[in-house]
Asks: 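Got a structure for you, questions after.
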Amino acid sequence: ARLRPSSGALAGRRVLVTSGPTHEPIDPVRVLANRSSGRQGHAIAAAAARAGAEVTLVSGPVAIPDPAGVTVVHVESARQMLSAVEAALPADVAVFAAAVADWRVATDAAQKMKKGAGGPPALTLVENPDILATVARREEGRPTLVVGFAAETENVLDNARAKLARKGCDLIVANDVSHAGGVMGGGSNTVHLVTADGVESWTTMSKEAVAEALVARFAGRLGAPE
Ligand code: CTP
Ligand code: CA
């Protein structure tokens with residue numbers, strides 16, 4: 001079907017989405033990674049495009065195809081993701097669905113590390129930039145709506161409320177990733193929308209249905225198209 005970008009609930013809006021994991025190099029053949037299929041973030045980008053938005057998707061390494069009607073920027077590391085996000089701004093809505101590696105190796109080796117008499121290497125880790133917090137705290141050109149995700153294994157709502165405040169975003173989509181064979185890589189998601197006004201818990205839906213419902217919510221929060 002032909003996309004009709006001039007119509008839809010997000011017509012005329014710019015939407016930025018991060019998705020997938022990041023890979024932080026250890027040496028030329030090894031990475032530190034995160035578990036994320038990219039399915040939820042990619043579904044949000046696709047749904048926003050179907051709603052008429054001009055969408056940029058900044059994606060870490062994933063095994064799923066680029067969504068239709070979306071500009072996709074492929075990155076590997078958290079620092080590359082931050083640069084790509086800053087280059088893609090301004091946006092009306094920014095959605096941070098990526099599972100960003102919290103740490104990277106302080107100095108990645110130029111050559112493949114070899115086993116040897118020295119035993120296993122000790123990796124020194126340093127913290128990656130927080131992409132969501134960097135964008136949410138921008139003085140100029142902050143997106144109208146900054147949306148974060150919180151993948152938690154315990155105390156889901158308390159952790160999500162703390163993240164909302166700490167990162168300065170407008171909405172956190174929280175989910176419980178503790179159950180094996182569950183949301184990570186799976187097709188469905190059970191989410192809680194956490195804002196300053198409170199919590200709204202949604203029934204379990206496909207990631208596509210969650211994406212559609214989130215996009216409708218974004219459109220509602222932005223108001224009538226300009
Ligand atoms: N996020 C980000 N950049 C990072 C880390 C996280 O943009 N370096 C974003 C994620 O995309 C997500 C939100 O921040 O939207 C929350 O990520 P999460 O890992 O749950 O939060 P952290 O602040 O990293 O806390 P922790 O992992 O310790 O729970
Ligand atoms: Ca994290």
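Read the numbers this way: they start at 1 and go in the same order the structure lists the ligands and their atoms.
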Asks: Give the numbers and elements of all ligand 1 atoms closer than 4.0 Å to a heavy atom of G148.
Replies: 15 (O)
Asks: Looking only at protein heavy atoms, identify the closest one to atom 17 (O) of ligand 1 and say how far it is in Å.
Replies: F149 O, 3.7 Å
Asks: Nearest protein heavy-atom contact for atom 15 (O) of ligand 1: which residue, which atom, what distance?
Replies: F96 O, 2.6 Å
Asks: Near R79 CZ, under 6.0 Å, is it more than 12 heavy atoms from other residues, nucleotides or ligands?
Replies: no
Asks: Please answer whether the main-chain N or O of L157 pairs with a side-chain N or O of E152 as donor and acceptor at a distance below 3.5 Å.
Replies: no
Asks: Just to confirm my output: which protein heavy-atom neighbour is closest to atom 23 (O) of ligand 1, and how far is it?
Replies: K167 NZ, 2.8 Å
Asks: Could you find the nearest protein heavy atom to atom 9 (C) of ligand 1 and give me its residue, atom name and distance?
Replies: L132 CB, 3.8 Å
Asks: Sub-3.5 Å donor-acceptor pair from the side chain of T18 to the main-chain atoms of A97, do we have one?
Replies: yes
Asks: Please write down residue, atom name and distance for the protein heavy atom closest to atom 28 (O) of ligand 1.
Replies: D102 OD2, 4.5 Å
Asks: Do H74 and S59 have side-chain atoms, one donor and one acceptor, less than 3.5 Å apart?
Replies: no
Asks: Which is closest to atom 18 (P) of ligand 1 by heavy-atom distance: R79, K163, R104, E127?
Replies: K163
Asks: Identify the protein heavy atom lying closest to atom 1 (N) of ligand 1, giving its residue, its atom name and the separation to 0.1 Å.
Replies: D130 OD1, 3.9 Å
Asks: Please report which non-hydrogen protein atom sits nearest to atom 8 (N) of ligand 1, along with the residue it belongs to and the distance in Å to one decimal place.
Replies: P129 O, 2.8 Å
Asks: With the threshold set at 4.0 Å, does a side-chain nitrogen-carboxylate oxygen contact exist between R142 and D170?
Replies: yes
Asks: Among all the protein's non-hydrogen atoms, which is closest to atom 3 (N) of ligand 1, and how far away is it?
Replies: I131 N, 3.0 Å
Asks: In this structure, does ligand 1 have an atom that sits under 4.0 Å from one of the heavy atoms of M81?
Replies: no
Asks: Is the shortest N/O to N/O distance between T18 and ligand 1 below 3.5 Å?
Replies: no
Asks: Apply salt bridge (charged side-chain N to carboxylate O under 4.0 Å, His left out) to R50 and E208, showing your working.
Replies: CA-CA 12 Å; R50 287 195 301 275; E208 288 70 28; over 6 Å; no
Asks: Considering only heavy atoms of A98, which atoms of ligand 1 have at least one such atom less than 4.0 Å away?
Replies: 10 (C), 11 (O)
Asks: Is it true that a side-chain atom of T22 and a backbone atom of V100 form a donor plus acceptor pair closer than 3.5 Å?
Replies: no
Asks: If hydrophobic clusters are built by linking Ile, Leu, Val, Met, Phe, Trp and Tyr wherever their side-chain heavy atoms come under 4.5 Å apart, do L16 and V146 end up in the same one?
Replies: yes
Asks: Would you check if R138 and L89 make a side-chain contact, meaning some heavy-atom pair closer than 4.5 Å?
Replies: yes
